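These notes are about the structure you will find just below.
In the text below, chain A, chain B and the rest are named by the order of the sequence lines, each starting its count at 1. None of the values given here were measured: they were computed from a predicted structure.
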Amino acid sequence: MPRKDPKKYLIRQSNTLSFSRHNLNALEKRIVYLLISRIKPDDINFQEYSFTVRELLAGIEIGSDNHSYLRDTTESLLSKVYQIPTEDGGLLQISPISSAEYDKNNTTVSFSFDPKMRPHYLELKQNYTQFQLNIVIGLKSVYSQKLYEMAKSIANKGDPSVRHSLAEWRYLLFIEPEEYKLYADMKRYVFQTAQRELDEKTDIHLEFKEEKAGKRVNWLWMEVHKIDSEETRQAWTKQTKFNQLPKKVREGLLLNSGATGKHSLGDVSANAAARQKAIAEAEGMGLFDKKFDQPGQDDDPAEE
DNA sequence: TAAAGGGAACCCGGAAAAGG
DNA sequence: CCTTTTCCGGGTTCCCTTTA
């Protein structure tokens with residue numbers, strides 16, 4: 001859908017980068033998104049990328065126009081690190097930008113990149129990830145950002161899914177050992193939050209499948225589904241919200257709708273008809289309206 | 001510039017469920 | 001059954017925004 005919306009800039013980066021571990025917060029990542037979106041597909045080398053402070057603040061959608069706040073953020077950005085696996089099996093540790101320079105009136109900022117970032121942003125021919133700036137710029141959770149990038153990098157594969165141990169997920173998502181010590185918390189605050197946010201704002205739906213060792217969840221599959229229409233979005237959104245209702249509520253609705261066998265209640269594939277009925281029921285009861293406000297400022301892309 | 005408001009992130013603990 | 005793990009409500013903290 002070609003439209004000349006300036007916010008429809010594309011972001012391209014290597015798949016390797018999409019799966020790289022980093023500790024940028026959501027705001028810092030937004031700045032990087034804006035920068036990358038300025039790179040043109042046929043650029044051979046990095047340029048200096050200049051922004052007015054005003055457009056940058058507007059671009060990352062923070063309410064304040066506090067200049068020192070922006071300086072703090074770019075300063076912090078320079079101290080952050082991407083851990084990028086190299087082709088020979090080594091590891092490149094590199095800052096997402098190499099400099100941020102403010103002019104004397106503090107009205108513009110220019111950014112530059114380390115040349116070693118070239119293979120991840122320039123002359124990309126294959127094994128790269130592409131997505132729209134206007135889709136990712138509105139994501140609030142760093143985990144939504146990271147999972148979305150991973151999802152987009154595999155979305156076109158024959159089998160768009162990936163399986164990692166929880167330890168690997170923690171590594172990739174930069175979750176420290178002392179964070180989310182309980183898997184249940186990691187589930188609801190990392191994976192389910194991202195699942196809801198992506199359903200709502202992006203062209204990707206994520207399905208997660210747990211795999212246990214004994215009663216402990218040890219591996220997690222992430223399946224990527226494309227959202228290509230409003231209907232698809234609605235369907236996935238409702239399913240996600242239904243699955244995230246408290247178990248008691250969910251199972252009650254399922255039984256009411258004619259699902260059989262307590263055993264199969266947790267099985268998404270079983271009782272498909274009853275499931276649809278239960279979802280409609282839950283929606284009718286207003287159980288889905290709890291919250292999730294859209295940051296719905298600027299015009300909605302209104303896909304197709 | 002400070003205080004108040006609001007919301008997300010995080011932790012805790014009892015109840016429930018799962019696995020053996 | 002008993003133990004381990006998960007579920008989940010609710011409380012606290014933290015950060016950012018708004019308001020005074």
Side-chain angles (χ1 to χ4, degrees), chain A residues 22-31 53-54 56-77 79-80 136-148 165-167 169-170 172-201 208-221 240-255 259 261-268 270 278 282 285-298:
Chain A
H22 69 77
N23 58 346
L24 278 64
N25 67 33
L27 227 45
E28 292 159 357
K29 188 69 183 180
R30 282 185 191 180
I31 292 180
V53 168
R54 179 194 296 260
L56 205 52
L57 287 166
I60 59 179
E61 294 178 1
I62 58 174
S64 133
D65 63 341
N66 183 337
H67 289 192
S68 71
Y69 183 68
L70 184 60
R71 281 194 193 186
D72 290 347
T73 306
T74 52
E75 178 180 341
S76 152
L77 190 52
S79 70
K80 298 298 175 74
V136 286
I137 203 73
L139 297 177
K140 286 193 292 191
S141 151
V142 282
Y143 305 118
S144 297
Q145 295 173 335
K146 292 178 183 190
L147 292 173
Y148 181 74
S165 69
L166 288 189
W169 281 114
R170 298 180 74 97
L172 288 170
L173 298 173
F174 215 107
I175 296 171
E176 305 279 7
E178 67 271 15
E179 292 180 291
Y180 304 117
K181 294 198 192 91
L182 274 55
Y183 167 69
D185 278 346
M186 183 160 145
K187 179 177 180 176
R188 60 175 164 169
Y189 296 120
V190 175
F191 297 108
Q192 294 190 334
T193 301
Q195 193 181 35
R196 287 196 306 270
E197 194 172 24
L198 297 196
D199 273 356
E200 207 172 303
K201 304 175 181 170
F208 294 100
K209 298 254 159 61
E210 297 172 341
E211 238 180 84
K212 297 182 177 186
K215 47 197 142 192
R216 174 166 230 133
V217 175
N218 259 0
W219 297 274
L220 201 61
W221 280 95
T240 298
K241 289 189 175 181
F242 181 79
N243 287 338
Q244 293 187 14
L245 290 172
K247 190 181 272 184
K248 284 249 176 65
V249 178
R250 201 169 62 235
E251 297 193 340
L253 285 162
L254 279 170
L255 287 172
K262 192 167 166 66
H263 207 70
S264 48
L265 286 183
D267 184 352
V268 182
M285 292 166 69
L287 296 178
F288 293 164
D289 301 337
K290 283 203 264 183
K291 47 175 161 192
F292 310 144
D293 50 330
Q294 216 122 0
Q297 45 275 90
D298 49 19

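- Which of C:dG9, B:dA16, C:dT5 sits closest to the side chain of A:Pro246 comes down to C:dG9.
- For A:Glu211, the salt bridge (Lys or Arg N to Asp or Glu O under 4.0 Å) partners two or more places apart in sequence, or in a different chain, are A:Arg163.
- A:Lys247 comes within 4.0 angstrom of the backbone, heavy atoms only, and of no base.
- A:Asn243 has its CG atom 13 Å from the P atom of C:dC7, to the nearest Å.
- The CD atom of A:Glu251 sits 12 Å away from the C1' atom of C:dC7 (whole-angstrom rounding).
- Near DNA chain B, meaning a heavy atom under 4.0 Å from it, residues 183-190 of chain A has A:Asp185, A:Arg188, A:Tyr189 in order of number.
- The structure places CD of A:Gln192 at 5.5 Å from NZ of A:Lys187, a figure rounded to the nearest 0.5 Å.
- Between A:Lys212 and B:dG19 there is a side-chain polar atom (N or O) within less than 4.0 angstrom of OP1 or OP2.
- Of the residues near DNA chain C, A:Lys248 and A:Arg216, the one whose nearest nucleotide (by heavy atom distance) lies more toward the 5' end is A:Arg216.
- A search for side chain to side chain donor-acceptor pair (under 3.5 Å) contacts involving A:Ser141 returns nothing, not counting sequence neighbours.
- With sequence neighbours left out, the ring-ring contact (aromatic ring centres under 6.0 Å, His included) criterion links A:Tyr189 to no other residue.
- In this structure, A:Gln145 has no side chain to side chain donor-acceptor pair (under 3.5 Å) partners at least two apart in sequence or on a different chain.
- Judged as a side chain to side chain donor-acceptor pair (under 3.5 Å), and not counting sequence neighbours, the contacts of A:Thr240 are A:Asp199.
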